[in-house]
Structure formats: structure tokens, C-alpha cells
Amino acid sequence: MVQELKKLLAAECQRQFDIDIEPQLEIPDRKFGDYATNLPLQVAAKTGKDPKAIAESLAKVLKKLPQISEVKVAGPGFINFFLSDKAILDSLEQGPLLHYKGQTVVVEYSDPNPFKVLHVGHLYTSVVGDAIAKILEAAGAKVARVNFGGDVGLHVAKTMWAVRQRLGGEYPEKLTKMAEKTGPDWLAEAYAEGNRAYEEDTKAKEQIRELNERIYTLHDEKDEDSNLAKIYWLTRKWSYKCFETFYGMIGTHFDRFYPESETAGLGLKVVRENIGKVFEESEGAIIFKGEVHNMHTRVFINSQNLPTYETKDIGLALKKWQDYHYDRSIIITGNDIYEYMQVVLKALEQIEPELAKKTVHITHGLVKATGGIKMSSRLGNIIRAEDVLSAADKANTKANKQQNSDVALGAVKYAFLKQRIGADIIFNPDESVSLQGNSGPYLQYAYVRAHSILKKSNNTTKPHPLAASLENEERSLARKISEYQEVVTKATDELMPHHICTYLYELAQTFNRFYETNRIIDDPRQPIRLKLVGAYSKVLKNGLELLNIPVLERM
RNA sequence: GCCCCGGUAGCUCAGUGGAUAGAGCAGGAGACUUCUAAGCUCAAGGCCGUAGGUUCGAAUCCUACCCGGGGUACCA
């Protein structure tokens with residue numbers, strides 16, 4: 001309906017004032033109306049005519065429409081109007097617009113590294129990335145969720161070095177006794193050790209660099225039998241197994257994992273082909289000069305002749321294209337690699353301009369946890385993802401006297417998703433779970449209440465004609481429900497799921513107010529009210545599903 | 001130095017050109033005891049980092065500066 005009204009206003013501006021303009025309809029403070037537009041001010045700016053006169057003239061047209069009940073001209077040239085009750089009732093239960101229909105979108109997120117710890121930052125991007133993938137799917141896109149991880153590179157060599165120290169040499173048989181469950185933490189500790197040694201001990205640094213080369217070679221030669229290879233493949237398997245378990249736990253999945261070892265070859269080939277065109281040699285390395293593009297220079301192939309992350313990322317971009325022929329490629333990472341990615345994308349633009357044009361890089365902040373979550377110094381002062389989940393579970397159990405991992409998970413997800421993507425996130429498990437207000441459990445509980453009414457009504461009601469008009473509080477609820485489609489569209493256009501959170505919270509609040517003072521079952525207005533509760537619970541459920549927050553029928 | 005991100009109520013955040021800047025938490029007051037109270041109502045709380053500028057209109061755009069975080073050649 002919004003679309004129709006916009007179109008009509010645009011046509012009217014064309015007819016009356018001979019200008020081409022795209023009208024914006026805003027949802028203002030409720031007392032002003034259901035919609036407001038500053039169109040007259042925009043028209044006035046272009047034509048030099050009096051905005052109030054323009055407003056009056058456009059208002060006349062709106063007044064004639066059956067879906068509009070009241071139109072007012074206000075302030076310096078706003079038009080405010082109310083929808084008719086019928087128009088509102090007709091627009092309940094509108095699903096998301098399918099404006100991504102027929103498009104393929106690759107969404108890359110989470111990106112944990114094997115051989116390192118799966119930390120709270122990975123949990124965050126997993127939740128946010130999943131929500132973005134979901135809203136794109138709801139808009140009709142075919143979405144591929146992909147995950148990029150460094151199974152080769154300096155950090156792997158650091159871990160391998162410490163593993164070798166711990167085993168007293170390259171003795172894979174000593175590892176087989178270790179349970180897969182404790183393996184990942186053991187590796188993460190080893191990484192922290194290796195990293196320290198790399199920085200503090202020049203001899204260790206030398207050995208780590210040498211190991212780095214050996215690990216690349218191991219891939220090139222498809223070595224599975226040497227002692228180092230046996231250690232490598234076994235520990236690598238631990239990591240990937242741990243990732244799968246984790247994604248299962250938070251209810252997400254990936255269509256494809258791209259280990260760096262699989263993108264390095266293609267990246268190297270393409271970078272080498274473009275030496276002299278895009279890249280150049282400098283101090284024994286192959287670099288991309290960023291300064292001409294107002295960026296900084298980065299090394300793509302180091303002087304050991306090994307690919308850096310940059311080259312593997314170029315390989316990844318090309319692989320994704322080969323695999324999916326996407327219309328859009330979305331990459332979600334921390335903002336610490338913003339400038340890095342700018343350089344990589346600029347280099348990609350020189351090689352494959354079309355791919356760079358289709359790529360969007362979304363960056364988010366750091367998660368800083370408080371409220372009883374401790375950093376692990378053994379892992380290098382890092383908070384593990386599972387520590388956050390278990391802290392939330394504990395806080396919920398304590399606050400509500402019963403354990404429910406769906407509530408705890410919903411609380412964590414909502415706490416992450418409700419904030420606009422970009423700035424750092426301060427996460428407090430106590431607040432997200434045990435406290436009331438704008439939280440995941442509040443929304444889950446709101447759904448439970450609606451569900452319980454609907455369930456009860458199934459047994460008691462007979463079909464009845466609906467009331468033709470709405471009472472005040474019914475109207476507020478109905479109006480809020482009908483905003484859903486616009487909100488989801490906005491979230492999809494901006495790739496910002498937090499808009500949905502804000503909306504769902506306001507919706508639940510509106511419902512709770514209504515519910516507090518109005519009977520539904522055994523009330524003369526039962527039929528219309530049940531219709532509203534039905535539409536409300538549908539929208540709430542749909543919204544929570546877009547965020548991948550568990551929807552419960554009982555709590 | 002240069003580049004990027006952030007700075008809104010005691011705390012955590014919405015609001016990114018429109019009307020009197022909104023929520024939650026914490027602290028204060030209250031109603032009702034129900035279709036699930038993890039709820040509802042009311043009051044209190046603001047130099048929107050600072051100073052200029054653009055505009056009919058600025059938390060929002062521009063410029064400079066201050067504070068916090070990040071990046072800046074062989075890490076990811």
C-alpha cells in the first residue's frame with residue numbers, strides 16, 4: 001500500500017508541478033498520523049512555490065482516496081494522514097517484499113581459524129551473518145552461506161611449532177590418545193605459546209617460518225603420511241569438528257567452507273599473472289601499491305615466495321564466483337580489517353572489475369563482555385564463544401529458577417542483534433537474560449502469551465462476523481502490526497537486522513499494553529480481537545525466525 | 001603524520017535532514033491479581049564530545065579541534 005501511495009503522489013507532482021520526484025512516506029509520532037510526508041517542502045524547494053499551497057493541493061487528492069480517513073496539513077508544509085480502519089485491517093499479515101527474487105547472494109561470515117580459539121567475536125558474526133542471510137532469503141534471494149578459514153599460514157605454523165614442543169618432536173602417535181573434545185582448547189593454548197615464542201625468541205621465529213613453508217608444501221604434495229602431515233591433518237580435523245558442533249549449537253549452518261589452502265593456489269596464479277599490470281616487485285616481495293588510490297601498500301606474496309592472506313582472499317573471491325556466479329557477494333568482518341579489505345578489493349577491481357562491483361564489505365565492532373565472563377589468559381586473554389553461551393545459560397537458570405537453553409540462546413542472539421552493526425558491543429549476560437525490558441526473553445514470552453490465548457480460543461469460539469471499525473487500542477495494535485513489511489524492507493535494504501529488533505520490541509510492547517486492559521476471549525469484540533492476536537503472533541514469530549531466535553510455545 | 005570507526009540520560013543503546021531527541025536498565029511512585037506478572041501505568045533524569053558553517057529547519061550534512069579504539073610492507 002505504501003508503494004501505491006508513493007506512486008500516486010509522484011504522479012500527482014508530475015501532473016500538477018511538472019517535476020520528477022520520489023516521495024518519502026515516514027511513520028511519524030502517532031498523534032500526527034499514520035504517515036507523514038515532507039513532499040511539499042521538497043516540491044517548494046524545486047519550484048519556488050509556497051509549500052503550504054502545495055500541501056493543500058496535494059492533500060485534496062489524498063482526501064479522495066478510500067484507504068485514507070483523515071488528512072492534515074501541518075507545520076511549514078507537512079502532510080499528515082490517517083489510514084482507514086479497513087485499509088489497516090487489509091494490510092495485516094503482509095510478508096516481506098520479494099525484491100531479491102531471482103538473485104544469488106553469497107554471504108561470508110564467522111570465519112574462524114582452525115588451530116586457534118573460537119572466540120566471542122566469532123559468535124557475534126555468526127549470529128549477525130546468519131540474520132543477514134535470513135532476511136535476504138525472506139526477500140527471495142538464493143543465499144549461499146560461506147565460511148573462510150586459515151588452515152595454512154603463519155598462525156598455523158605457530159600452533160604446530162608449540163605442538164611439536166609439547167610432544168617433544170614430531171610424534172603423531174602421542175596425539176591419538178587425546179580426546180577430540182579437549183583438542184581444540186589444547187591447540188588454542190599451543191597457538192598462544194607459539195605466538196609468544198615467535199615474538200620473543202628469534203630461534204623459534206626462524207623455526208616457525210620454516211614450518212610455515214613445510215605446511216604449504218605438505219598441501220602441494222598432498223602429503224598425508226609424514227609425521228608432520230599426520231599431526232597436521234588430525235589437529236585440523238579437531239578444529240573443523242569443533243566448528244560444526246558450535247554451529248549446530250547456535251542453529252546455523254554453512255553451505256561451504258573455504259579453507260585457505262584451497263584458495264591459495266588460484267590466488268597465487270592470478271597474482272603472478274598480473275605482476276607488472278596490477279602488482280609489482282619490491283624488496284623481494286610482490287606488492288600492491290595502494291598509495292595511488294589513497295590507500296596503503298600491502299604485500300601479496302612475501303619474500304619466502306608464500307602467499308599472504310591478501311592473495312588467498314583474491315583466490316577466495318574468484319572461487320566464490322566460479323561456484324555461485326553471484327549477483328552480490330557480502331563479506332562480514334570486524335572493522336579492524338576495513339583498510340586491509342579496501343586494498344584487496346581495489347586490487348580485485350583491477351583484475352575483475354565486475355566482481356569488485358558486486359562485493360559489499362560490512363564491518364562490525366568488537367564484543368566486550370562484562371558481568372562474570374572471564375578472559376582466559378592461557379588462551380591469550382580471549383573469551384571463548386562457548387563461555388559466553390554458558391554464562392548466559394547460567395544467568396538465566398539463576399534468574400528464572402529453571403534451565404532453558406533456548407531462552408539463553410535467544411537472549412544472547414537478541415543482545416547482539418539489537419545493536420546497529422558497526423560499533424563495539426558491550427555484552428552483559430546478566431542483563432541480556434535475567435533482566436526484563438528490551439531482551440530476547442521478553443519477546444519469547446510475548447509470543448508465549450499470544451499463543452496461549454489462541455490455543456484457548458480454539459476450543460471455545462464459533463465463527464462470528466468481524467467488527468467493522470476498531471477501538472483505539474485495537475487500532476494501535478493493528479497499525480503496528482501492519483508496519484512489519486516496511487520494517488523488513490528497510491532492514492534488507494540496509495542489511496541492518498537491528499531494525500527488526502527495534503520493531504519487534506515496540507510491537508510486543510504495544511500488544512502487552514493492549515492485553516493488559518482488554519479481554520479477548522469471552523468479550524463481545526472477541527472475533528476482531530482474535531484476528532488481531534492471530535496476526536500479531538504470526539508477525540512476531542516470523543520476525544523472530546528472521547533473527548533465528550527460538551520461538552517457544554511455553555516458558 | 002595519514003586513513004577508518006565511535007562519542008546521545010548515571011549505565012546499555014535507538015534515532016543519520018523535519019515537529020516537544022526516544023527506549024531499556026538502575027533508582028522513585030502506583031494499580032490489578034487475569035487469556036502465563038519474564039507483564040502494565042506514572043513521575044524523575046539531556047550544553048546529542050567542542051567550536052564554527054550550510055539550511056526555512058541540524059544529534060543527523062560540511063570544516064576544524066578534543067577524547068576513545070583500530071589500521072598503516074612481508075600476521076590474519
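Order of the sequence lines sets the chain letters (A, B, ...), proteins ahead of strands, with each chain counted from 1. The basis for the numbers below is simple: all heavy atoms, side chains too, and nothing from hydrogens, waters or symmetry mates.
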Heavy atoms only, 4.0 Å cut-off, all strands: where does [X] land among base, sugar-phosphate and nothing?
X: A:I287; value: base
X: A:S282; value: base
X: A:Q419; value: sugar-phosphate
X: A:D313; value: nothing
X: A:A36; value: base
X: A:G75; value: nothing
X: A:D424; value: sugar-phosphate
X: A:L154; value: sugar-phosphate

Can you see whether A:Y191 has A:K158 sitting over its ring - NZ or CZ less than 6.0 Å from the centre and within 45° of the normal?
no

Aromatic plane relationship, A:Y35 with A:F81 - under 30° parallel, 30 to 60° tilted, over 60° perpendicular
tilted

Students often mix this up, so state it plainly: with edges at 30° and 60°, are the rings of A:F511 and A:Y536 parallel, tilted or perpendicular?
parallel

Output the single nucleotide from [options] whose closest atom is nearest the side chain of [X].
X: A:A74; options: B:rA23, B:rC74, B:rA19; answer: B:rA19
X: A:A285; options: B:rC74, B:rG71, B:rA19; answer: B:rC74
X: A:N512; options: B:rA38, B:rA76, B:rC40; answer: B:rC40
X: A:R519; options: B:rU20, B:rU72, B:rU34; answer: B:rU34
X: A:I337; options: B:rA38, B:rA76, B:rC75; answer: B:rA76

Using the [atom1] atom as the point on both nucleotides, what is the distance between [M] and [N], in whole Å?
N: B:rG30; M: B:rC35; atom1: C1'; result: 24 Å
N: B:rG49; M: B:rA14; atom1: P; result: 14 Å
N: B:rA58; M: B:rG71; atom1: C1'; result: 31 Å
N: B:rA23; M: B:rA9; atom1: C1'; result: 11 Å
N: B:rA44; M: B:rA38; atom1: C1'; result: 25 Å
N: B:rA43; M: B:rC4; atom1: C1'; result: 43 Å
N: B:rA59; M: B:rU8; atom1: C1'; result: 7 Å
N: B:rC13; M: B:rG6; atom1: C1'; result: 13 Å

Paired with [N] by Watson-Crick or G-U wobble geometry, both distances under 3.5 Å: which nucleotide is it?
N: B:rG46; result: none
N: B:rA59; result: none
N: B:rC25; result: B:rG10
N: B:rG68; result: B:rC5

Consider side chain to side chain contact (heavy atoms under 4.5 Å, CB included). Of A:I286, A:V278, A:T308, which one does A:V271 pass it with?
A:I286

Expressed as a whole number of angstroms, how long is the span from A:F288:CZ to B:rA73:P?
15 Å

Distance flag, aromatic centroids of A:F416 and A:F427, threshold under 6.0 Å
yes

Quick one, A:H364 with A:T125, criterion side-chain hydrogen bond (donor to acceptor under 3.5 Å, both in side chains). Give me CA distance, side-chain angles, the key distance, then yes/no.
CA-CA 8 Å; A:H364 59 76; A:T125 87; 4.9 Å; no

Counting just side-chain N and O atoms, does A:R513 come under 4.0 Å of either OP1 or OP2 of B:rU41?
yes

According to a cutoff of under 5.5 Å between the ring centres and under 30° between the ring planes, does A:Y442 stack with the base of B:rA38?
no

Less than 5.5 Å between centroids and less than 30° between ring planes, does A:F32 satisfy that with B:rA19?
yes

Is a donor-acceptor contact shorter than 3.5 angstrom present between the side chain of A:N80 and the base of B:rA19?
yes

